[in-house]
Amino acid sequence: MAPTPDFEQMWRDLAPVGRSASSGGYFRQPWTAAESELRSWFAEQCAARGLVVEIDGIGNQVAWWEPSDPRADVPGVLTGSHLDSVLDGGAYDGPLGVASALAAIDTLRARGFEPGRPLGIGVFVEEEGSRFGRACLGSRLVTGATTWDEARELRDRDGVFLADAVTEAGHDPSAGLLSLDRVGTFVELHVEQGRDLVDRGVAVGLASEIWPHGRWRFDFAGQANHAGTTRMEDRRDPMLTYAMTALAANKQARLAGQRATFGRIAVEPNGTNAVPSLVTAWLDARASSDAGLAEMVEAIERQADDRAGRDGTSLTVTAESVSGSVGFDAGLAARLAGLGDWPVIPTQAGHDAGILSDAGIPTAMVFVRNPTGVSHSPDEHAETADCLSGVEALADVLAELARPGAPT
Ligand code: GLV
Ligand code: MN
Ligand code: MN
């Protein structure tokens, strides 16, 4: 059998897929050609390791390394992450967890490890919600946090329904979704998206919690009118209401020590010489507690409403994707932290791990140092040596969880 590619070779193979020649960032949106190439890549990598990949009706994938003792068909340990990216994203967010999972299996085999329970690698679709607006859509669907009937009607920026995008990509949603019945524990390795590990001077850490976060669509409606002939005092300009709201959100978050971002807007009719009729802007808000998040979003909404009253515009706010706070299994984190003296740190980024944890599956996350903390950007980075430390750490974690006789 041909040797399986090592981590560095896998990383080189992945590098060109979905990469923009102009920015160097990645466009790996779900149910597009780039993502489909990544899905095939994953299936080939599993096949090269003698692992059979199951794919569900929307493109979630899983491959299990079965224990040789059939009596060991007890709840398994799943690792993995996602392969999709945000628009113009980095190389590491998602794929690092998948390539590291494959490399960790190789490491375990090279160590002569025999799993005492099934050990799986999973890939969840549309983790970023970059196309259909719902974060962690694949894992939400498999855990039942979102139903297919709710999701199928979602539309992307071009108005394509989710159900059509999935079908056009060659999947059959009626074939059903991945079952998590075999999953006793989930572990996701991820590039760190902040500066905690680099500031501590360590390559690897574990997650304690995910901040609650969400996305709210703000529709600011006004009146389209001529940019030259309409006196300033006669305008009903929704761009002004939006602009003030963006400033208010920033101030609110700073005052409360939380996070608020308007990173996406759509303007109608989007003409230079017309006052716009509609500005739609998406607020991404995150806070250290559920109550803090609700308070901040309410305050932003209140200020936007007040300003709309003064501008003669109107505002509608719609919650599109909200995730409550996630506290990862503290006992599991403490048990695993002892394997490497790894710090246990919170994160403000969302992950499929949070969704599986919410579904009652004991879950842990392994973070790999990011030297700048920059993420969701072409500049996202992790040094190869740290990625290799991550692979070793993940192998140690999987060995601890899947060794014969390990507590469930
Ligand atoms: C996902 O990476 C998110 O936190 O938005
Ligand atoms: Mn991610
Ligand atoms: Mn991300």
Side-chain angles (χ1 to χ4, degrees), residues 14 16-20 25-45 53-63 80-99 101 121-143 145-178 188 190-191 215 263-264 282 284 320-321 323 349-356 375-378 380:
L14 286 173
V17 184
R19 186 160 198 245
S20 154
Y26 288 88
F27 288 82
R28 293 167 167 172
Q29 272 54 70
W31 305 292
T32 62
E35 204 222 20
S36 153
E37 194 177 334
L38 293 169
R39 207 190 306 285
S40 304
W41 171 85
F42 177 68
E44 283 159 21
Q45 293 298 321
V53 178
E54 292 164 43
I55 181 161
D56 75 4
I58 61 168
N60 292 307
Q61 290 170 293
V62 69
S81 189
H82 61 99
L83 291 169
D84 64 306
S85 73
V86 293
L87 299 172
D88 211 12
Y92 296 80
D93 179 355
L96 184 65
V98 178
I121 307 178
V123 176
F124 295 104
V125 290
E126 177 69 312
E127 190 270 353
E128 299 288 4
S130 65
R131 184 163 174 194
F132 288 96
R134 296 295 182 281
C136 301
L137 185 59
S139 55
R140 278 183 202 274
L141 284 165
V142 298
T143 56
T146 297
T147 65
W148 175 248
D149 281 344
E150 286 166 51
R152 58 177 303 136
E153 300 294 332
L154 295 171
R155 289 175 187 249
D156 70 8
R157 288 162 207 246
D158 299 321
V160 177
F161 283 110
L162 173 70
D164 294 334
V166 170
T167 310
E168 276 158 32
H171 307 291
D172 173 10
S174 70
L177 294 163
L178 220 61
E188 179 171 1
H190 207 279
V191 66
R215 302 173 186 192
R264 175 184 172 196
W282 282 263
D284 179 307
E320 289 199 336
S321 179
S323 307
H351 299 285
D352 293 314
I355 305 296
L356 269 65
S375 185
H376 284 187
S377 153
E380 181 181 88

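Please read these numbers as outputs of a predicted model, since none were measured by experiment.
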Would you compute the distance between atom [atom1] of [X] and atom [atom2] of [Y] and round it to the nearest 0.5 angstrom?
{"X": "Ser321", "Y": "Arg134", "atom1": "OG", "atom2": "CZ", "answer": "6.5 Å"}
{"X": "Leu178", "Y": "Ile55", "atom1": "CG", "atom2": "CD1", "answer": "9.5 Å"}
{"X": "Glu380", "Y": "Asp93", "atom1": "CD", "atom2": "CG", "answer": "5.0 Å"}
{"X": "Asp84", "Y": "Leu38", "atom1": "CG", "atom2": "CG", "answer": "9.0 Å"}
{"X": "Asp156", "Y": "Glu126", "atom1": "CG", "atom2": "CD", "answer": "9.5 Å"}
{"X": "Phe27", "Y": "Asp88", "atom1": "CZ", "atom2": "CG", "answer": "4.0 Å"}

Apply the test side chain to side chain contact (heavy atoms under 4.5 Å, CB included) to residues Leu356 and Thr143: give CA-CA distance (whole Å), side-chain angles for both, the deciding distance (0.1 Å), then the verdict.
CA-CA 7 Å; Leu356 269 65; Thr143 56; 4.1 Å; yes
Of all the heavy-atom pairs spanning [X] and [Y], show the shortest one and how long it is.
{"X": "Arg157", "Y": "Ser130", "result": "NH2-O, 3.8 Å"}
{"X": "Leu141", "Y": "Trp148", "result": "CD2-N, 3.6 Å"}
{"X": "Arg39", "Y": "Leu83", "result": "N-CD1, 4.4 Å"}

Identify whether NZ of Lys or CZ of Arg in Arg28 sits under 6.0 Å from the centre of the six-membered ring of Tyr26 and within 45° of that ring's axis.
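Yes; both conditions hold, so Arg28 lies above the ring face of Tyr26.
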Are Arg264 and Trp282 in a cation-pi setup, meaning NZ or CZ lies under 6.0 angstrom from the ring centre and within 45 degrees of the ring axis?
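Yes, Arg264 lies over the aromatic ring of Trp282.
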Give a yes or no answer on whether the side chain of Trp41 reaches the backbone of Ser36 with a donor-acceptor pair at less than 3.5 Å.
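No.
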Heavy-atom donor-acceptor pair, Arg140 side chain to Ile355 backbone, under 3.5 Å:
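Answer holds: no.
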Checking side-chain polar atoms at under 3.5 Å, does Asp149 have a donor or acceptor matched by the opposite partner on Thr147?
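Looking only at side-chain atoms, Thr147 and Asp149 do not form any donor-acceptor pair under 3.5 Å.
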Using a distance-only test with no angle check, is there a side-chain donor-acceptor pair under 3.5 angstrom linking His82 and Asp352?
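No, Asp352 and His82 have no side-chain donor paired with an acceptor closer than 3.5 Å.
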side-chain hydrogen bond (donor to acceptor under 3.5 Å, both in side chains) for Glu35 and Thr32? Distances and angles first, verdict last.
CA-CA 5 Å; Glu35 204 222 20; Thr32 62; 5.7 Å; no
